[in-house]
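Below is one structure; the comments refer to it alone.
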Amino acid sequence: MAISFLKPLERFIRTLLIGSGSPFKGQIISSISDAIQLPHSPRILIIRPDKLGDMLITLPTIKAIRDAYPKAHIDILAGKVNLPLRSQLLHYVDDCLLYDKTLRSIFGLYRTLPKRQYDIAIDPMDNPSTTSGFLIRMSKAKHMVGIQKSNAHVYTHCVVPKDRKQTHIVERTAQVLLAFGINPEEISLSIPYQLDDALIETSKHALLRAGVNLSKPLIMINYAGGFQYRSFTVESLIPWIRSIQQVVESKDIQLMICAEKKHEDDMRSIQEATSILIAPFVHSFADFAGILAAASMVLSPDTSVVHLVSAFQTPCLAFFVEDTTGTAYWTPYDSPHECIISGGPTINDVSQEMVMKSFLSLFTSTRFFPIDTQYQRLQG
């Protein structure tokens, strides 16, 4: 059923479940001493129905909860956009539930969630979300925890937030761990992402068919972000690809561009002008991760790619449009990187001089491995 048809109904349900403008009357959690007393094997719900990148940066928090409560039953409520991470989530959770903004989904969750009798439900978002708010209320969990913000009245417990201007999003999200008695400052919050042997072999074969030499290193350029203003254009990309080619040619490093199938015409135009390799088009995010893992260095305007390669500890040159809200940029977490921030409304307003300066800074500090070796490193 169309989302537009559901909007009035969805708003009505949200109003019934969460009200509006109510003050927070619950308990504040500012340290592990304020943690909620949970049973040895608690039933836990994690609410994360938003973008793929949001789920990636929440993986360290999910893993930390599983590590602290190995016998817990943990469910995660995902959305259609981030459900492609299901295989990674199932390393740490028991079940992935789907919220897809259909009438069937809304009423299905309305019936199902309370029956699961959760001891605790958490909303790791540090900005207000009416969707997450009404879903957490819908759960009827004994304890409902979120980060303190303008819609805090939907929670029974609020975690004191970290400074949005100074603190990385991974660490801001991990503040909900205080509710479980876990100090996020005392554990690793590196993003976990597991590649299995079968995926690596499939990725190798796909790269070989694309003309890649597995005995040489690879630099990958990701062409497009989730929005038009965060996607490159053919005209802006060609000049600095040529400049990068002059740098890597003497080092015998391969250069490849990747994107979704819908960008194929643009990629062919770039290939015609530069002779760059084109990454194989794949059918799943897992397959894409397998291809991306081959690279010793990645350039990307897309934050989901940025967070994914940080899980691999792959050096990354990340492109951002200036954020006027003062919120810290979603840079690669705990991994080598350089960032370029456009002074204009799109990433294509970045000058070639700026790109090459940042590229050379990262390039000179990066260790490049043949693709075969790069995969072996990731296999541990």
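Atom CD1 of residue I46 and atom OG of residue S132 lie 12.5 Å apart, to the nearest 0.5 angstrom. Atom CD1 of residue I47 and atom CD1 of residue I136 lie 5.5 Å apart, to the nearest 0.5 angstrom. Separating the CZ atom in F285 from the CD atom in Q88 is a distance of 8.5 Å, to the nearest 0.5 Å. Taken from CZ in R137 to OG1 in T156, the straight-line distance is 9.0 Å, to the nearest 0.5 Å. With values rounded to the nearest 0.5 angstrom, Q254 atom CD is found 6.0 Å from L277 atom CG. Rounding to the nearest 0.5 angstrom, the gap separating the NZ atom in K357 from the OG atom in S351 is 10.0 Å.
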E185/K162 under salt bridge (charged side-chain N to carboxylate O under 4.0 Å, His left out): CA gap, chis, key distance, verdict: CA-CA 12 Å; E185 296 181 5; K162 289 276 192 178; 2.8 Å; yes
I120 and I36: CA distance, side-chain angles, deciding distance, side chain to side chain contact (heavy atoms under 4.5 Å, CB included) verdict: CA-CA 9 Å; I120 183 171; I36 298 169; 4.0 Å; yes
Stepwise side chain to side chain contact (heavy atoms under 4.5 Å, CB included) check, Y118 with L45: CA-CA 7 Å; Y118 295 111; L45 175 65; 3.8 Å; yes
Audit row: K142, D119, salt bridge (charged side-chain N to carboxylate O under 4.0 Å, His left out) steps and yes/no: CA-CA 5 Å; K142 184 177 181 181; D119 295 294; 5.8 Å; no
Stepwise salt bridge (charged side-chain N to carboxylate O under 4.0 Å, His left out) check, K149 with D126: CA-CA 7 Å; K149 46 190 180 282; D126 77 333; over 6 Å; no
Test side chain to side chain contact (heavy atoms under 4.5 Å, CB included) applied to I200 and Q379, step by step: CA-CA 9 Å; I200 289 176; Q379 286 175 295; 3.2 Å; yes
Working for side chain to side chain contact (heavy atoms under 4.5 Å, CB included), residues D334 and L189: CA-CA 8 Å; D334 196 28; L189 293 176; over 6 Å; no
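Residues Y69 and L38 are in side-chain contact: their nearest non-hydrogen atoms beyond the backbone lie under 4.5 Å apart. Between L178 and V160, the closest side-chain pair of non-hydrogen atoms is not below 4.5 Å. A heavy-atom distance below 4.5 Å is found between the side chains of R172 and T327. Two residues are said to be in side-chain contact when any heavy atoms from C-beta on lie closer than 4.5 Å; F363 and I244 fail this criterion. Between F320 and T331 the shortest side-chain heavy-atom distance falls below 4.5 Å. D302 places none of its side-chain heavy atoms less than 4.5 Å from the side chain of F319. Counting only heavy atoms from C-beta outward, the side chains of L77 and L109 approach each other to under 4.5 Å. Proximity of I219 to L299: side-chain heavy atoms (C-beta onward) are separated by under 4.5 Å at one or more points.
Taking the salt bridge (Lys or Arg N to Asp or Glu O under 4.0 Å) definition, one finds that E201 meets it with K204, sequence neighbours left out.
Of all heavy-atom pairs between S250 and V247, the closest is OG-O, 3.7 Å. Contact record, L83 with C96: CD1-CB, 4.3 Å, taken as the closest heavy-atom pair.
Residues R43 and D94 are not paired through a salt bridge, judged by the lack of any N-O separation under 4.0 Å between the basic side chain and the carboxylate. Taking the charged nitrogens against the carboxylate oxygens, D50 and R48 do have a contact shorter than 4.0 Å, which makes a salt bridge. A salt bridge links D252 to K216: at least one charged side-chain nitrogen sits closer than 4.0 Å to a carboxylate oxygen.
No donor-acceptor pair closer than 3.5 Å links the side chain of S236 to the backbone N or O of F232. Proximity of a side-chain donor or acceptor of N348 to a complementary backbone N or O of T233 within less than 3.5 Å is detected. Between the side chain of N82 and the main chain of G79, a donor-acceptor pair closer than 3.5 Å is present. With S139 contributing its side chain and L113 its backbone, the two residues share no donor-acceptor pair below 3.5 Å. Remark: side-chain polar atoms of S335 are not paired, donor with acceptor, to backbone N or O of P332 under 3.5 angstrom. Distance alone, capped at 3.5 Å, places no donor-acceptor pair between the D265 side chain and the M267 backbone. The backbone N or O of S361 sits nowhere less than 3.5 Å from a side-chain atom of E338 that would complete a donor-acceptor pair.
Under the 6.0 Å cut-off for aromatic ring centres, H153 and F24 do not qualify, their centroids lying 6.0 Å or more apart.
No more than 12 heavy-atom neighbours from other residues, nucleotides or ligands sit within 6.0 angstrom of NZ on K51. Annotation: E260, atom CD; neighbour count of heavy atoms from other residues, nucleotides and ligands within 6.0 Å does not exceed 12. By the neighbour-count criterion of 12 heavy atoms within 6.0 Å, atom CD of E264 is densely surrounded, having more than that number from other residues, nucleotides or ligands. Other residues, nucleotides and ligands contribute only 12 or fewer heavy atoms inside 6.0 Å of the CD atom of E272.
Considering Y333, Y193, W330 as possible partners of H307, the one that fulfils the ring pair (Phe, Tyr, Trp, His ring centres under 6.0 Å) test is W330.
Cluster partners of V306, using a side-chain heavy-atom cutoff of under 4.5 Å among ILVMFWY residues and allowing indirect links: none.
Under a cutoff of 6.0 Å and an axis angle of 45°, R377 and F369 form a cation-pi pair.
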